[in-house]
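Inspection log for the structure reproduced underneath, given as structure tokens.
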Amino acid sequence: MYLNINKEIAKIFRDMAHIYEFLDDKFRALAYQKAAQVLEDLPDDVRNYIALGKLSEIRGIGTHTQEKIIEYIKTGKIQKYEELKKLVPPDFLELMDVPGFGPKTLKRIYQELGISTKEELIKALKDGRVAKLKGFGPKKVENMLKGLELYEKSKERLLLWEALNIANTIVEKLKTLKEIKNIELAGSLRRKKETIGDIDILISCDDKDREKVIDFFINLEDVKEVLAKGDTKASVIIKEKDRQVDLRVLKPDEWGSGLQYFTGSKEHNVHLRDYAKSIGLKISEYGVFDAKTGEKIAGDTEESVYKAVGMQWIPPELREDRGEIEAALKNSLPKLVELSDIKGDFHCHSTWTDGFNTILEIGQYIKENFKYEYLVITDHSKAVRVAHGLTEDDVLKQIEEIDKVNKIIGYPLLKKGIEVDILLDGSLDLSDEILSKLDWVVASIHTNFNRDNTDRIIKAMENPYVNVIGHPTGRIFGTREGYQLSDEVFKVAKETGTALEINSQPLRMDLPDIMVKKAVDMGVKLVISSDSHSLSNFHYIQLGVYIARRGWAKKEDVINTLSWKEVEKFVKDKRKRFGVKT
DNA sequence: GCCGTTTTCGGCCCGACTGTTTTCAGTCG
């Protein structure tokens with residue numbers, strides 16, 4: 001059985017794109033690249049789209065790519081791909097991702113030197129054979145070797161939370177320079193993608209101040225090595241995690257178009273510029289121009305850039321070419337949820353199980369550092385032995401403890417909850433009687449990840465006391481990929497009035513953005529949770545908000561934006577639905 | 001191979017940089 005068929009086919013399409021590039025058929029390459037992207041962005045198994053006849057409706061998938069997808073599902077392979085593979089040495093497909101290794105370069109090395117493996121190629125680069133080819137030289141060869149090193153390094157991407165912290169430290173230092181007029185993170189960091197390659201910082205200042213600003217940047221104590229320094233750009237490697245940080249300096253009147261361009265994504269920019277072209281405009285990092293007269297129409301702010309092409313300003317988190325351009329044209333972009341909308345947190349652990357802080361410490365910390373109306377304490381239940389999960393008796397005792405702490409705090413900030421375990425058969429490891437005494441119940445899977453868990457999750461959602469499914473896909477970066485959530489899960493969530501969690505732990509970020517979008521589209525409610533195990537963890541909630549925004553979530557989609565009274569209604573409504581007395 | 005934004009055929013983002021060239025191809029973001 002296929003573990004993740006969307007990704008498998010996307011991988012093949014990416015390979016095919018590479019092969020077509022190699023064969024100098026760049027537009028066909030583009031088409032396969034796009035189709036691969038679309039497949040990876042699908043929140044659901046591609047077979048379900050086919051069953052509903054909706055696959056070819058998606059922009060980027062046409063009759064021929066659809067046929068090939070169906071062929072793969074039926075036969076486990078794509079004939080055309082098998083044929084194409086014979087035309088390119090297998091190592092070269094990977095090599096095309098290496099900086100400095102374009103299709104033209106590789107093709108000539110293959111044809112003129114008869115080289116077909118990565119190993120041979122490295123040897124030929126080093127012994128001077130490549131440098132002797134016409135149009136090649138020592139510098140190019142040097143850059144290719146450097147590219148190989150960079151490629152190995154860039155395979156390890158930073159998690160968003162780490163990257164944000166590193167970048168913000170530098171931004172704060174830069175902000176102390178009064179010459180800087182604007183400063184923003186750019187690239188995938190500004191879009192809040194799950195993982196980040198390079199850190200891009202954008203600033204604007206007067207021309208005369210450029211040198212001073214760039215010098216200040218490359219002389220920061222965080223900098224380990226300066227890679228490049230020019231008039232408009234500097235690249236450094238910083239001490240922390242040996243990461244590359246690029247600083248780009250813009251002119252103040254090009255701030256908007258520059259920021260727009262450097263924020264990306266590439267796909268978003270291509271689509272945007274393509275559209276602009278169709279209405280007689282031209283967009284570049286220097287501004288929006290009339291294509292005929294060359295007259296500059298906009299560019300000082302990002303708003304002006306989008307406005308010039310008749311669109312709403314698009315929040316960076318949406319700029320992935322997943323329909324935001326069409327929506328912005330129709331003035332129908334959602335108003336995304338914001339951190340300031342969040343009134344409470346629904347998932348955290350105390351010293352009663354595997355948390356580092358007592359309930360009192362947690363309560364006092366939240367009172368001092370957050371403007372929350374409520375925080376639900378949700379320790380583990382007994383099945384999670386490694387965390388000393390709570391028994392029925394423990395739960396009753398903890399309820400008393402929370403009442404005591406609330407008295408000390410002065411108001412009922414802390415609510416009584418549990419992270420109850422979903423067992424292999426989908427039943428829960430605490431009785432309904434105990435669950436009924438709690439304000440809020442998170443149900444999570446902590447065992448048997450390597451199976452389709454649809455049945456377990458659905459059974460848990462059909463329990464009247466379960467309010468949200470914790471970390472729904474079970475993924476952990478670098479450890480487990482997580483299971484797919486079938487359509488059925490979203491349907492039953494909607495029907496039963498059960499929410500899905502956006503777990504904000506940096507290693508989880510679970511739900512992933514594309515599934516958040518699916519939940520939003522299907523009317524399933526979301527809960528953003530820090531899943532804190534220590535006081536500093538509570539700040540992860542910001543990360544969850546970013547993910548929610550990348551999934552197009554509005555305030556109304558997120559339970560944390562409700563007052564506690566409204567949360568209680570959400571809980572009661574579900575119990576009523578199942579005919580339970582409340 | 002895809003798509004329809006006064007197109008169902010004829011396009012497919014834009015500009016900078018680099019290294020190799022005597023005017024530009026290849027690559028990148």
Side-chain angles (χ1 to χ4, degrees), chain A residues 13 16-17 19-38 55-69 78 80-81 84 95-109 130-144 146-147 150-151 154 186-188 191 197-198 200 202 228 230-233 235 244 246 248 254 257-258 260-289 291 294 299 305 309-311 321 325-326 328-330:
Chain A
F13 282 179
M16 289 175 77
I19 297 169
Y20 279 122
E21 269 181 68
F22 193 83
L23 300 175
D24 213 15
D25 190 347
K26 71 174 179 184
F27 295 116
R28 208 170 249 109
L30 213 65
Y32 276 102
Q33 194 70 44
K34 174 79 191 170
Q37 188 68 52
V38 166
L55 187 61
S56 58
E57 282 174 21
I58 301 171
R59 205 169 53 84
I61 306 274
T63 42
H64 291 88
T65 40
Q66 172 160 265
E67 274 171 21
K68 289 183 174 68
I69 292 168
I78 294 170
K80 187 77 193 173
Y81 174 53
L84 286 169
L95 286 168
M96 274 194 235
D97 287 327
V98 180
F101 290 62
K104 299 271 162 59
T105 302
L106 283 168
K107 193 169 183 176
R108 291 199 46 210
I109 289 171
V130 175
K132 279 193 199 117
L133 292 175
K134 192 167 185 296
F136 288 59
K139 276 285 178 61
K140 184 164 168 68
V141 168
E142 196 188 317
N143 283 335
M144 287 174 77
K146 215 185 253 174
L150 259 163
Y151 172 71
S154 71
S188 52
R191 303 198 312 279
D198 291 336
D200 268 325
L202 227 55
D231 274 355
T232 60
K233 188 188 150 174
S235 295
Q244 182 170 338
D246 290 345
R248 293 171 198 276
E254 291 167 355
S257 42
Q260 194 286 320
Y261 167 66
F262 286 114
T263 298
S265 66
K266 187 173 182 242
E267 291 77 13
H268 173 88
N269 284 354
V270 168
H271 194 176
L272 181 71
R273 289 170 175 206
D274 182 40
Y275 175 71
K277 197 173 177 175
S278 76
I279 56 169
L281 299 173
K282 187 184 74 171
I283 298 181
S284 77
E285 54 265 54
Y286 303 110
V288 184
F289 302 89
V305 172
V309 286
M311 291 179 199
D321 196 22
I325 287 178
E326 291 81 354
L329 272 173
K330 285 188 272 179

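Please read all numbers here as calculations on a predicted model, not as lab measurements. Each chain gets a letter, A, B and so on, in the order the sequences are listed, and its residues count up from 1.
Annotation: side chain to side chain donor-acceptor pair (under 3.5 Å) contacts of A:Tyr81 (sequence neighbours excluded): A:Asp15. A:Asp97 is linked by a salt bridge (charged side-chain N to carboxylate O under 4.0 Å, His left out) to nothing, counting only residues two or more places apart in sequence or in another chain. Checked against side chain to side chain donor-acceptor pair (under 3.5 Å), A:Glu67 has no partners two or more places apart in sequence or in another chain. Applying the salt bridge (charged side-chain N to carboxylate O under 4.0 Å, His left out) rule to A:Lys34 yields the partners A:Asp321; only residues at least two apart in sequence or on another chain are considered. With sequence neighbours excluded, no residue satisfies ring-ring contact (aromatic ring centres under 6.0 Å, His included) with A:Tyr261. Scanning for side chain to side chain donor-acceptor pair (under 3.5 Å) contacts around A:Ser265 gives A:Glu267, with sequence neighbours left out. Among residues two or more places apart in sequence or in another chain, the side chain to side chain donor-acceptor pair (under 3.5 Å) test is passed with A:Asn269 by A:Gln260. Residues meeting the salt bridge (charged side-chain N to carboxylate O under 4.0 Å, His left out) test with A:Glu326, sequence neighbours left out: A:Arg59.
Taking for each of A:Lys139 and A:Glu285 the nucleotide of DNA chain B with the nearest heavy atom, the 5'-most of the two is the partner of A:Glu285.
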**Q.** Under 4.0 Å protein heavy-atom contact, by nucleotide of nucleotides 3-8 of chain B - B base, S sugar-phosphate only
**A.** S-B---

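No hydrogens or angles were tested; on distance alone, nothing pairs the side chain of A:Tyr286 with the base of B:dG15 as donor and acceptor under 3.5 Å.
Side-chain nitrogen and oxygen atoms of A:Asn269 include none within less than 4.0 Å of the OP1 or OP2 phosphate oxygen of B:dG29. Note on A:Ser284: every side-chain N or O is 4.0 Å or more away from OP1 and OP2 of B:dC13.
Of the residues in residues 21-31 of chain A, those lying under 4.0 Å from DNA chain B by heavy-atom distance are A:Phe27, A:Arg28, A:Ala31.
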Distances for protein N or O near nucleotides 22-25 of chain B N or O, under 3.5 Å:
none

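A 3.5 Å limit on both hydrogen-bonding distances identifies no Watson-Crick or G-U partner for B:dT8.
Checking B:dT20, B:dG15, B:dC13 against the side-chain heavy atoms of A:Arg273 singles out B:dC13 as nearest.
In this structure, the CG atom of A:Asp97 is 13 Å from the C1' atom of B:dC28, given to the nearest Å.
Listed by first then second residue, pairs satisfying salt bridge (charged side-chain N to carboxylate O under 4.0 Å, His left out) with a partner in residues 130-141 of chain A number zero, not counting sequence neighbours.
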